Amino acid sequence: MLRFLLIRLCRAALTVALVVTFAFVVLRMSGDPALIIMSVDAPPEAIAAFRKAWGLDDPIWLQYLRYFSAIGQGELGQSMRDGRPAMQLVLERIPATLALTLPALALKLGIGIPAGIYAALHRDSLMDRIVMVTAVAGFTVPSFVLGLVLVLVFSVQLGWLPSGGQESWRHAILPVLTLGIGGAAVLARFTRSAMLEVLGQSYIRTASAKGVPWSRVVRGHALPNAAVPTVTVVGFMVGSLIAGAVVVESVFSWPGVGRLLVVAVANRDLAVVQCILLLVAMTMVSANLIVDLLYGLLDPRLRSGAKAGAH
Amino acid sequence: QADNRPSITIAVQKIANSNLLDVLREQSNVGERVFFSSLWEGLIGRNWTGNLESVPGLATEWKRIDDKTVELKLRQGVKFHNGDELTADDVAFTFGKERMFGDTQPAAGKTISVDFVVGGGRASKELPAEVPAVARRSWPALLGIQIIDKYTVRFVNGTPDVTMEGRISRYGSEIMNRRAFEEAKTYSDWAMKPVTTGPYRVAEYRPDVSLLLEAHDEYWGGRPPLKSIRFVEVPETASRINGLLSGQYQFACDIPPDQISQIEKNAAFEVQGGTILNHRLTVFDKNHTQLQNPLVRRAMTHAIDRQAIVDSLWAGRTVVPKGLQWPYYGDMFVSDWSVPAFDLKLAKDLVKQSGYKGDPIPYRLLNNYYTNQTATAQILAEMWKEAGLNVEIQVKENWQQILERTPTRAVRDWSNSAPFNDPVSSMVSQHGPNGQQQQAGEWTNAELNQLSVELETSTDRARRKAAFRRMLEIAEREDPAYTVLHQNATFTAKPKALAWKASPAFAMDFRAENWGGRS
Amino acid sequence: MADVTVTAVPAIDAAKPKPKQRIPFLVWCGLVWIAFIIIVALFADWLTPYRFTAYDLRNRLALPFHPLHWLGTDELGRDVLSRLIISVRISLLVAFGATIISAVLGTLMGFLAAHFRGIVEQVVLMLADFQAAMPFLILALSVLAFFGNALPLFIGLMGLYGWERYARIARGLAISAGAQGYAGAVRQIGAAPARVYLKHILPNIASTLIVSMTLTFPEVILLESGLSFLGLGVQPPMTSLGNMVGYGREYLTRAPWIMLAPAFTIVLTTLAVSLVGDWLRDKLDPTLR
Amino acid sequence: MSSAPLLQVRGIARRYAMRRGLLGRPVDVRAVDGVSLTVERGRTLGLVGESGSGKSTTGRLALGLEPPDDGDVLFKGAPIPAAGTLAWRQMRARMQMIYQDPLGALDRRLSILEQVREPYDVHGIGEAGERGAMATALLQAVGLRADQGNRYPHELSGGQRQRAVIARALATKPDLLVCDEPVSALDVSIQAQVVNLLVDLQQELGLGLLFISHDLKVIRQVSHRVAVMYLGRIVEEGDADLLLASPAHPYTEALVSASPVPGRRARPRIVLQGDPPNPAARPSGCAFHPRCHAARERCKVESPRLLPLPDGRLTACHVAHDQANFLKAAS
Amino acid sequence: MTGLTSHETSPLVAIRDLTVSFDGVKVLHGIDLAIHRGEAVGLVGESGCGKSVTWLAALGLLPKKATITGSVILDGHELIGAAPTTLDSVRGGRIAMIFQDPASALNPVIRLGRQVGEALALHGGLSGRAIRAEAKRLFDLVGIPDAVRRLDAFPHELSGGQNQRVMIAMALAGKPDILVADEPTTALDATIQAQILELLTRIRRETNMALVLISHDLGVISETCDRVCVMYAGRIIETAASKALFEQPLHPYTQGLLAALPPLEGVRRRLVPVEGNVPEPWNLPPGCSFAPRCPRRGEACDTRVPSLASKATDRQAACIMTPPLAQPQRRPEPVYA
Ligand SMILES: Nc1ncnc2c1ncn2[C@@H]1O[C@H](COP(=O)(O)OP(=O)(O)OP(=O)(O)O)[C@@H](O)[C@H]1O
Ligand SMILES: Nc1ncnc2c1ncn2[C@@H]1O[C@H](COP(=O)(O)OP(=O)(O)OP(=O)(O)O)[C@@H](O)[C@H]1O
Ligand SMILES: [Mg+2]
Ligand SMILES: [Mg+2]
């Protein structure tokens, strides 16, 4: 177990390092922050001065080393745009992002999982078909199309809800819906197939043979088993809590991390991008790790390697 | 006493590129919108509601002492946002070393070179290195400010310069409060909340999100009509329009021309705005194999039906200008000049003469960095195709990729402005020897370079005009460096009920003269 | 050895009768739509009434059912129907190409992990984590930046998307097949690894992979439209469904047909593929039978 | 032919690391712990024992599918090359394995014929064009009809599948066949068909068989000699009839008595008490002593060695040896 | 058939003319079976002949696609088509079932104590601590060592034999009148199998519970059951008292099964398999299902499905070629006796 954790942690650290390195190389080679931040119309000498000041003239490997040794000292750098600490910029955005993604996650779970379970329990019924077609449709509409249509209906036509911005909880309703619907659809499909798989297992029959009423069989016996595959998807959703709402944030002018990432990438504001990537990669990697540990919790068979080779 | 002045919200595509509200750092159109005339004011102002002609600003009058010196009388009783009175000291500080020029030295007699060295750390009050560089480009030879008395200052130049008044009125020469700058802990602290004399002051700035300006009630021009102005960043066009229609925003800026009729379908709304001091160009790289021959470039300039683009994509709301110049140049304006005429036959002939074989000519552009950019590019490509030119669009992600010096650089998009009313501010500054086009190694022309120096240093107005005319001939006809497509325009949508008039610029004027509230 | 005496074994004479497998109506619709869309893509050149880049500034934003332009025109007066047809071709190319690349790449990685285990496996898993943790935005940007808007590269990039899922599936299935199952048996005969993986394991896990591909396919189309939204998708003058939706979104109120035509095509196509995929999964999964 | 036995296994051991519980330390499980066996040409060695006693592991080690941690495996007097190498792969033609689960051992997507001809393809036996005919002949030899070769595994019955597996194993005319519970999954009637087939084939081809099963009735039917395993070791080995008729080791005795035989109701049966042993926590002394009815003090401390009894078989039991010594002394 | 059994009292469960089809394919063709209190009945037959389905159908545990006709009467109550609540109280409470392959029949993510406790709570009316105590008692009863600790274990932490015992404990929790043990020992090896069979027999004796033992291993059946029903292709083709059946099987199929078993003692001889395979349910021959494999097949066999007919006291067989036994015959002791 310890060994397992150790390997996982090593892998996680390497993954994060790989992400940061990759982003560094790609971003530095594909755009000059000076030209972008100073704007192309700035005097060439101003651009040269900017480059010099930020060390953008140095060979890329030197910049890379400098960047990494700074990280080693806990120094995550400053935004090239306004000179403020990059991490501060990112942290300022996190509450807004979470205010969007957490309710959306709740929505995904709250709609997707029950819908999936329902469809599985009533397999091949009319409702099953309806739920599944709705789910697939919900998943296939690009989120910005959905967002724009929601705004047209609920803001412009009906005037019920604001169309963008982040002033009150009412502002969050439409973006949360937009984000939630697609995810709920994915989750519903996943839950359904996980549930169907479990319902075919013989321990479900055993439970019935004991005289356990069907509703309790479903709750007590099927659900805990169906949770295992579902957790994977949920883990992925949790992993993308931070930067998973880029498009929706843009459509709803929601000042979240996703938008910051887009802007920072466009500006090649490296320190900011890297801070976000660090957070994103760490969230994703820890979500993965938690999922792995949860597997063990949900399914005791996975707790030990005991059965690995036995047959 | 209850303050029942209205507060308004303005949806813009971008608040500021640099996340800073310093005029020397944020050198962009979008910056102009939030700065002028709400926040920053210069000594010589512009008539934002008129035709941008010079008008008294923080200076009430000015006069030439000699070729190198201008004297200005400061307006009295002007209060900064922090309550300080504007004095000559603030003006001198604004144009001083600490704030503007850093270690740079004024040049005398030559355009400034690119290779000077500046130091600069980040977290200190020390100026970011690019600020002095920008300032020196605006004021290449300014020796300094002479304080004559509390309300009188003199600008002293190292070289004779007929454009000094223009430079005083230009973007970047606005006045700031000395005490506030000195008291701020870091440069960026100051630059996110600069203390100036404008009718509105910064209440809260959330970079990339919103900027809240509130009324500066001691404003010299009278109590501002609005309690607060909130700029919110709404990158999506549709979202800006939707927010306007649903009443969330009072103004929606950066409206693409195609949306105008849609918005105005609703009788309660209107779209204002029009041309600005900015021309859209297509720029040539004369080193590209296919473009070495000026005939090919000339063919390209004649193959474009500019008026059709203006009429369709711009709904006729902009114009095809007379080359890279603006009427506000006054007597420097070459009024009988025009862009190359649309003549498909001529274009085809030129192509034939040039011996061009149909090899691809890459055309680099950004994805709608300029209004209608992608649409225009696709039309241009088709128009060129009709003339027998095989132009291939290559969408790039940023300017480095556009400017990257490779054998595939041939045609690209650009725009040019004129920060003040003289061709030096456009032709020389953009296409002269130190201009971006030559610095990027796309194009050069010995004669034009000579003329650049003349235009910059000469005080003989007739000779200057002749030089400028010749420069236009070279750069737009003989050895095309670029070709002007159309003037740029910006459009702002608002409820008809709000009595407010748009400027022929990005700047939005919310002073009392331009606000009639609900009519 | 041929004359070893063994008693004859009566044969099973009939295979199990297939229970009447009526394809559900919706799945039928899905299959028909997919066939239609593929035909459109294949014969795009013959079907387009106009060159898809041909502009007509006098006929901008013409309404659908215009005598010359059935689906109307866009902001440059280009025929929406022609653009839609070409877009279908490009999008299908991207989606098919990317799906196949991710499946091939992922399966290969999965097999490598399963075959070598140990450090190779950890590296593959790390790359999978990397792919999940790296915002796709940055990958997309790197391709656009370094390679321009070459379609093959774009397809390759989209192919990077989702390979990890195949890698995990392939690894899991290959390990279990190798332990005691048929793959172990074949290896035991003396077959080389290539034979074991390609001839035996691959065909056996193909159905799972195919079902997985029906999931990737719509995701790629959606991803491409998301990238187009950010300006990183298929670049003009080339067009794709996502690109049309992305550029058309400004015209949602003024000229909705520019966006709705491709948006409906996306929804219908992905819906069709998903429905068929879900159906296939139910059919191919023995535990559900 | 050399005089070396077909397969000779000398003191092989195999350990697996196994973790118990969430934070458990890995424990070495000695799945096979010093086993020696010999399989002669044309003869069958039956290997019986409780589940988990290491029978399959022994089989895999004997075939060189895994390397032993200790001891060595000699095939025709020569050691087996490392698994996965070309030499090892070529050697597969000489020795084959038959698994318990024929469905699992067959590729569900290929027809029976294709799978039976696969060894020809792999080892390049015969002309490519003839291989189909060769495979068909092989199918007929194991009692399948030619047309059944075109079927897929799931279209055959369990016994037919096992025949196909056997046909595939015989394609290269191997000298050694390791059968790991080849009939355990089959119904009695089918089981009889397959057992008969194996016996016939052995007589026909002179195969050496290592036959693993826990069904003593089947073991007795096919084996010349029988080895009984308990917890990774051989506790008794000898002539099949002798060993099953009069087991000397108490474990063998229990095993024999537990074998259900119809119509033999109410015969006294030794029902072992306690659990099957845990290979991770091997009891001290004789591993069987906690469940042994005859266990003595000595059994708890001293591990018995596998020694011959006067009747020729080998037994690892203090009690049995004491008894034999006593009888010898008495006579 | 009830009238022909040796029991005079009315049966606990009477199955009458039970048929089951899946997707229109009939797999049970009218099963008649009666179980009396305290009786041990064996159900034998090759794989796929319908042994499990019979009882799954009786308890309503088959998937929805199965069509069931006939009747199953438990103490005067019809079970086929009964309300779910009725079935819930019968299952586990009156008739308990042990499934083949305990590894997959136990829920892998629930602790064993809870799985057993659930049955106790449902049928024993127990709660809280009492459940745990009772579960421990059951574990002790079925011989699971270290019972207290094992209550908190998960199925994968126990061996197959132990899991099978847990299944038995679970089945016993509801104090059922009938225990249906579906191949309780197929997955186990000989010594453990012996332990389980011993256990079942003991419990039956102690509680006077009826035991239905399903297996295709004639040896197992013979050692445990009083009465045996032999099934073939969805029908019962022979039924008799255990002793009688093994001494003198009447139906050629039963004879074949017995002959196919290798002896453990005595001279080794070539095995005599029943050649061929069980016909698939969708491909049954028109007459006797066994006819194609039957050494004694006559012409009539191909045309008529033989019904279960009395061949001697307490014996029935479905074979037209088998004449009724004149009188109880004593066969010489088998060679391996
Ligand atoms: N690859 C492996 N990794 C870890 N442990 C293993 C492995 N293979 C076998 N074992 C362990 O080694 C022991 C012997 O296993 P083996 O399969 O040889 O027994 P067996 O006698 O064949 O049992 P069965 O009759 O159940 O097939 C068991 O405890 C098993 O759990
Ligand atoms: N859920 C099901 N769907 C379709 N057919 C089924 C199902 N369950 C059982 N059958 C069929 O019913 C027939 C009888 O099956 P059953 O499980 O009763 O056999 P069995 O005698 O218990 O065999 P075994 O010894 O293998 O357990 C078989 O042909 C089987 O294929
Ligand atoms: Mg084994
Ligand atoms: Mg069964």
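All of these numbers come straight from a predicted model, not from anything done at the bench. Lettering of chains follows the sequences in order, A, B, ..., and the numbering in each one begins at 1.
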Shorter than 4.5 Å, heavy atoms on both sides: which option in [options] has the most such pairs with chain A?
{"options": "B:R230, B:R240, B:Q430", "value": "B:R230"}
{"options": "B:D208, B:V209, B:V131", "value": "B:D208"}
{"options": "B:L403, B:N242, B:V234, B:L245", "value": "B:N242"}

Could you tell me the separation between the [atom1] atom of [X] and the [atom2] atom of [Y], rounded to the nearest 0.5 Å?
{"X": "A:I37", "Y": "B:N19", "atom1": "CD1", "atom2": "CG", "value": "9.0 Å"}
{"X": "A:I36", "Y": "B:Q400", "atom1": "CD1", "atom2": "CD", "value": "7.0 Å"}
{"X": "B:E404", "Y": "A:D32", "atom1": "CD", "atom2": "CG", "value": "10.5 Å"}
{"X": "A:F144", "Y": "B:S239", "atom1": "CZ", "atom2": "OG", "value": "12.0 Å"}
{"X": "A:D82", "Y": "B:Y205", "atom1": "CG", "atom2": "OH", "value": "7.5 Å"}
{"X": "A:W54", "Y": "B:E130", "atom1": "CH2", "atom2": "CD", "value": "8.5 Å"}

Main chain of B:N17, side chain of A:R81: is a donor-acceptor contact present, judged purely on distance under 3.5 Å?
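Yes, because the side chain of A:R81 sits within donor-acceptor range (under 3.5 Å) of the backbone of B:N17.
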List the atom of A:A53, the atom of B:A129, and the distance in Å for their closest heavy-atom pair.
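Nearest heavy atoms, A:A53 then B:A129: CB-CB, 3.9 Å.
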For A:A49 and B:A133, work out which heavy atoms get closest and say how close.
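Smallest interatomic distance, heavy atoms only, reads CB-CB, 4.3 Å.
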Does any heavy atom of chain A fall under 4.5 Å from the side chain of [X], the backbone, both, or neither of them?
{"X": "B:R206", "value": "side chain"}
{"X": "B:I241", "value": "neither"}
{"X": "B:A16", "value": "backbone"}
{"X": "B:V134", "value": "both"}

Step by step, work out the side-chain contact (heavy atoms from CB on, under 4.5 Å) result for A:H171 and B:Q248.
CA-CA 11 Å; A:H171 288 78; B:Q248 248 191 303; 3.3 Å; yes
Close approach to chain B in residues 247-264 of chain A, criterion heavy atom under 4.5 Å
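A:S250, A:V251, A:S253, A:P255, A:R259, A:L260, A:V263, listed by number.
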If the contact rule is any heavy atom under 4.5 Å from chain B, which residues of residues 92-103 of chain A qualify, in numerical order?
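The list, in residue order, reads A:R93.
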Salt bridge (charged side-chain N to carboxylate O under 4.0 Å, His left out) assessment of A:R268 paired with B:E397
CA-CA 11 Å; A:R268 294 295 188 275; B:E397 197 249 331; 2.4 Å; yes
Using side-chain heavy atoms (C-beta onward) and a distance below 4.5 Å, is A:R84 in contact with B:M192?
yes
Side chains of B:N398 and A:L35, heavy atoms from C-beta outward: is any pair under 4.5 Å?
no
